Every structure is written in C-alpha cells, then in structure tokens.
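A quick write-up on the structure given underneath.
Just so it is clear, the model here is predicted, and its values are computed rather than measured. Below, chain A is the first sequence line, B the second, and so on; all start at residue 1.
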Amino acid sequence: MAKLWAVIRREYVERVRSKWFLIGTFLGPVFMLVITVMPIWLASRTKATAGLTNIQVLDATQSPIGARVVSKLAAIPLEGGGGAAPVLKTVPVDGLVTAEAAATKAVMDKEVKGYLVLSGVAPAEVKVRYAGRNASTVNDMQVLRDAVRTSVLAMRLEGAGLDPAKISELTSVRVAMDEEVLDDRGRAGGGSGKGSIIVGYLVSFLLYMMIMLYGQNILRGVMEEKTTRVAEVVVASVRPDILLAGKVIGAGAVGITQQLIWIFSGVLIFSQRVPIMKAFGLGELPISMPTIGAGFLFVTLLFYIFGFLFYASLFAAVGAMVSNQEDAQQAAMPVTIILVLSVIFMQPLLLAPNGNMARIMTLVPSASPVLMPLRMSMVDVPAWEIALSLALVAAACAVSIYISARIYRVGLLMYGKKPNMAELIRWIRYAG
Amino acid sequence: MGGLAVDIRGISKRYDQHVAVRELSLEVPTGTVYGLLGPNGAGKTSTIRMILNVILPDTGQITILGRPNTDEAILDRVGYLPEERGLYKKMKVRDVLRFLAELKGIGAKEANRRIDEWLERLALKTAEKDWGNAKVDELSRGMQQKAQFIGTLLHDPDVVILDEPFSGLDPINAQALKDTVVELKRRGKTVIFSTHLMDNAERLCDSVCIIARGEKVLDGTVAGVKAEHAGRFVAVACDNANEPAVQAIMRDRTLVRNVDDQNTFFELEMVPGTDPQLLLTRLVEARAAIRRFELVQPSLHRIFLEKVGATGVEPGMSGHG
C-alpha cells in the first residue's frame, strides 16, 4: 500500500507541478468566462441598426398580417433614434410582380433600405421574402424574422380563440420566441430548465475532455517510462499492476483537482456575474443559477471515476505496447474512436433525451460516463437505469483493468515492433 | 554470514521464437561478489530479470536470502541497476531518488537524509552547486549514471544486482564503481553483476558463472575455475616460429588443443592428459629459438573463449578489458 501511495503521489505531484497543468487550469475558467459572457455580449449586439425599419412591406396575403408586422417593427427601439416607419402596401396576389419591381426601384433610388414580401395564406402558410441592401446583415434579418414570426404566432393563437390582450402580452417578449425552440429539450426537465442543460452539457463535455486529455497524458507517461527504461527499475520494486493502478489513480486525481478548481471558479464567477457584466458594460444574464442536486454531483463523480478508469487503463496499455510516437497514435486510435463516439451521440440525445437511442447509449459503458450526466440534467432518468448503467460501466471497468494490466506487464519490457492482434491476445493470455 | 544470497533452481524461460534461459541453476553465497559472464544474448539479462521477479520463469524456483522471490518484502532488500539506464527526465534528482527509495519502503524523511549523504559522497552536492535540485535532464551522462547508482543503493540493500554496470562508464566512474563494489563486499553485502568484460570479472569476482545460449557452461570460485584449467596452458615465446618444423608442432592436434598465435608469442592449450614437458622436448628437437616457456594460469578470458568457443561469441563481443 505504501508503494501504491508513493506511485500515486509522484504521479499527482509531478503533474500538478507541470506547466501544462497550470496553463490548462488557468485557461479553463477563462474559457468558461468567455462562453458565459460571449452569448450575452453577442445578444446585446443584436440591436436593429438605424434605418432598419425604413422598408416597404408588400402584403399579398389579403390578411391583417402585414399591418401586424409593420406595427411590430415600428415598436422596436432603434439605435440612434430610428428612421421612418415601414410603409405597408397591400397588393393583390396578381399585382405582386409589379409591386416588387416598383419596390426594387425604390431601393435603387435609396428611398428605402429594402422590402419585405408576405405572400401565401395567412396565418397557416405565410411565405416571407426580404430583398434589400442589408439582406446579409445577420442581426437585421433576425429582427425581421422575429417580427414576422411573432405576428404569425399571434394570428394563429387568435385563431385558436385566445384573448388578443393576452397574446400581445405573450408575444411582445422576445424570449418567448426562444421557448418554442427549447420545448423539445427543456420542458420535461423541471427546475431551471435552460440553466441545468447548460450545466449538464458542460459537465458531459468536461468529462469527455478530462478523459481524453488525461488518458492521452497517461499514454505518453507510460511510453516515456518505457522508452527511458525507468519502468525496469520501478517494476523491480513494485508489481506492474500496482504501478498501473497508481498511475491511473494519480492522474485521475489530478483531473478531479482541476475540475474542482474549475467548478469552484465557475460558481464564483457566476455568483459575481452582475458586477462582471457591468464591467463589460452589459446587462443582466437571462439565465439564473441552476440548482444542482447533491445526488447529481455524486452520480456524476461515480461516472467520472469509472469512465476514467475504463479509458485510462486502456490508454496505459496502449502506452506499454508501443515504443514510439507514431505507433502510439495508431495504436490509440481504437480507444480514441470509441471515446469520440460518445460525444457524437450527444446531439441525438439533446434532441430526444428519453428516446430509444438515448436510453441505449446511456447504458453502453464506453459512452454512458459522458452521456448519462447530460441526460440526467435534462430528464428524470429512472433510478434503475442509472443503477444499471453504473453497474455496467463498473463491470466494463474491471474487465478493461484486467486486460490492460496484462498487456502492461508484458509490454513494458518489450521493445521494438508494435504487437499485432494475435501477439496481443497471446500477451493477455500469457500468465507470466 | 553463510547461506545463499540467491539460489536459482532449474529455471527456464522461453520466448516466442527462442529459448532465453535453459535449465539454469546457480548458487550465490552470501557476502560474495558474483560475476555472471557471457556473450550478449546469452541470457544474462533474462536471468537477472527473473531473479527480480520482473519476468516469471516458465519452470524452476528462485529464492533470495532463503525466501521465494515472489515475496515482495524480500525484493525490498535487493538493489538493481538495469543495463539500460533511465530516470524520469523532468523530475528533480532528489525527487526521483526519494521516489525510488519509497518504492523500497524507506520513509521520505530517512530517504532525504540518505540522499544528501550520497550526493555529497559522489560529489553531486558541493559547496558551489547542489545537483540534487536540478532536473535529471540537466545532468551530464556521467552524473546521471551516478544518480542512478545512488538510486540502486539508497535503501542499503543486502543483495545488489548490477546488469552490465561498466558499459558506458568513463574510467573515473568505472574505478568509483569498483571501489564501491569492494566496499559493499567488506560490509557483508552480496554483489551480483553481469558483464562480458572478463578483466573486470577476474579482478572483482569471488565466483563466476559463465553462460552461453541460455545454458550454464561452468561455475565456481574464480580461483577454483582457474586451478581447474591450470597446468594446461603454456606461454611460449619463440623467435623462429615461422620455421615449418616449429609450426608443425604447434599445429599438432594430438598435443596442442588450441593455439592463440600472436606471431612470436603463443598461448597454447594442451590436449588434456598430455605433459607440457613433451611439448618442450619436441620444440627443442625442432631447434626452436625459445626465449620463454612457462606454465601459466589461464585468464578468465582464455577460459571463456575455450568454453564458449568461437561460435558462442558474436563478433566483437568477446571484449578484452
């Protein structure tokens, strides 16, 4: 035990002391700050530019939609006081071509910035087109799109028999538009839906990053021990499986340390977000501090530990198999691929957290450590699924450690050519 | 003292294509300096790794100081210097050494004290510069070898195993190593080292074992081995050695088993059971101009060549001195 402790300590201390750790730990919160502040900052830039409303609205739908859009646009606060209000032109369906030609000329003569064409059947099938000098300005288009969308939505709601006063109250809030996009993702979550998904996403991504970075770090460490022949002195003093365990635990502990620093600084930054936002000249964040349950944290920690042990021992085995960098990259490929696969499944999981794909992938041991925390942050995962997933990943972990320890033991003293599959199986079977 | 430091009973080790060690048995008495001699590829390193339980023999048992070598506690009393040396390059010398000591069960505090002692002793810590605080890769090759040597001895092992310790050493470090080996022996420690350099072995070892192609060729005390072969080796210096008559005698395989022809100097090995006097008589009869005729103790090198034979030695591997 004292020897295991010595190995763990060396691994931990040397890694924590390294420049790599310092840089990574420092850049983590900076990264976090950036991704917290950036969307707000970008959102604050999304003010309509001056003259945005100086457009014509050609309404060929024979419905009040055009009038609604115009009043919406007129109500938008504009930078620099705004310009002329949009001009509504109601045109018959067959007069659209002539109206458009006239509008184009108006744009060319710099009378207006552009024109918005509404056609089709309102509110069921409104076709929207915009032509103008600012058609490639993302923010302006966003504002126009929002105005049309809100108007269409309001008309539909009215058609469904809702109180017009209530509708204008509901649709005048821009965030309300976002809610429609979020429905599929957030509704079932409970708690502070959006915030907890961000946390879940961050946690999953962090787990993935940690496993990838530290796993490859272990690979390099083992390979270095092997190629510098330190391994031979060390395994003459301590059993290879103890050495393997110590290295993996030590590196894993470094990962946990780094995450704790990040989580702590993340919480700190978040709690101080108002002064920070002010310092950047920004307003209040639209999301509130998500509440994270102790149970979620505990389960996430378990997934991290098992997932890390699973991958780290495999990476260590790869490190022991090879004697140079090129071979290492090639030999690590299968391990890296199954790890990356878990991230690829994040997208389908986000769209349908209780779908079959999500339920299966959160049980597959190679992916569950990354995917389960994300899914748990979105929906209430049944306790038995979490338990089964943990049991499976723990079992997979035991198998991977067993196989890796055997490869490690033999590989550590074998120099030269990378073993092929048949040789590898012989190594695993090999008792000595 | 007394007893065996290392007792190897019939170990074999087979790799995929070849047999590294075949039915090898050795007895290393406690408190001796023991040489494991053999050409490269003879199985020395495999044998040493098996002693250290780094690789497991397919058959046979090994005991160290009376305990099986699978007992981890007994391995804490063994110090090992591998042939290919290496330390963690990015670590401070002091930290590496403490780590190695801790792996042998020495506490950090005690380890620090001993590290200072050793660093001063091997001049790695002087009034001007303490190399203990430098990173390993800042050290010169010679200094790294010293550091590695400290790592081998830091836990004051009873059995010290050195694999090709002289390879790559400059003359000064080689001398320091010899001094240390002698000192370890005086303190009652057992030293086992492998080498293909017979001169070192002959001077340092109490006992030797010669192995070739994974098998033991001979073993015993150096004195015993030499005595066993004494009386059969003759050194002859002769000015007219190119005379056909003289050459004929030298090449007579009923009399001379083996000749190391160095133009005017010959080291001859007599066919067992023949009398060197007969050789002298015949040389005189052939009117050889003899300057010297002496019965000599064979060098270990000579015995090694005789026993292992030219085929057991890869070219350039019989290194003399």
Under 6.0 Å from the CZ atom of B:R113, do we count more than 12 heavy atoms belonging to anything else shown? yes
By a 4.5 Å heavy-atom criterion (distance strictly below it), what part of A:V234 contacts chain B: side chain, backbone, both, or neither? both
Considering all heavy atoms of both residues, which atom of A:K3 and which atom of B:L103 are nearest to each other, and what is their separation? CE-O, 2.9 Å
On the ring face of B:Y88, is A:R10 found with NZ or CZ under 6.0 Å from the centre and within 45° of the axis? yes
Of all of A:I242, A:T227, A:L4, A:T228, which one pairs up most often with chain B through heavy atoms under 4.5 Å apart? A:T228
Counting only heavy atoms closer than 4.5 Å, note whether B:K89 contacts chain A via side chain, backbone, both or neither. both
Between chain A and each of B:R85, B:M91, B:K104, count heavy-atom pairs under 4.5 Å; write down the option with the most. B:M91
Atom group of A:A2 that falls short of 4.5 Å from chain B, counting heavy atoms: neither
With a 4.5 angstrom heavy-atom cut-off, could you sort out which part of B:E83 is near chain A: side chain, backbone, both or neither? neither
In terms of heavy-atom contacts, does CZ of A:R229 have more than 12 from other residues, nucleotides or ligands at under 6.0 Å? yes
Grab the two heavy atoms, one from A:R409 and one from B:V54, that are nearest each other, plus how far apart they are. NH2-O, 3.7 Å
Please name the pair of heavy atoms, one in A:V233 and one in B:P82, separated by the smallest distance, quoted to 0.1 Å. CG2-CG, 3.6 Å
Is it the case that more than 12 heavy atoms not belonging to A:W5 sit under 6.0 Å from its CH2 atom? no
Quick check on B:K135: does its NZ atom have over 12 non-hydrogen neighbours (other residues, nucleotides or ligands) under 6.0 Å away? no
Would you say B:E138 has more than 12 foreign heavy atoms packed within less than 6.0 Å of its CD? yes
For the atom pair OG (A:S237) and CD (B:E102), what is the distance rounded to the nearest 0.5 Å? 12.0 Å
Between the CG atom in B:D95 and the CZ atom in A:R17, the distance rounded to the nearest 0.5 Å is 5.0 Å
Among B:R49, B:R98, B:K90, which has the most heavy-atom pairs under 4.5 Å with chain A? B:R49
Within a reach of under 6.0 Å around CZ of A:F205, are more than 12 heavy atoms found that belong to other residues, nucleotides or ligands? no
Are more than 12 heavy atoms from other residues, nucleotides or ligands located less than 6.0 Å from atom CE of A:M209? no
Among A:R9, A:E232, A:E14, which residue has the highest count of heavy-atom pairs closer than 4.5 Å to chain B? A:E232
Closest non-hydrogen atoms of A:A6 and B:F99, given as atom of the first, atom of the second and distance, are O-CE1, 3.6 Å
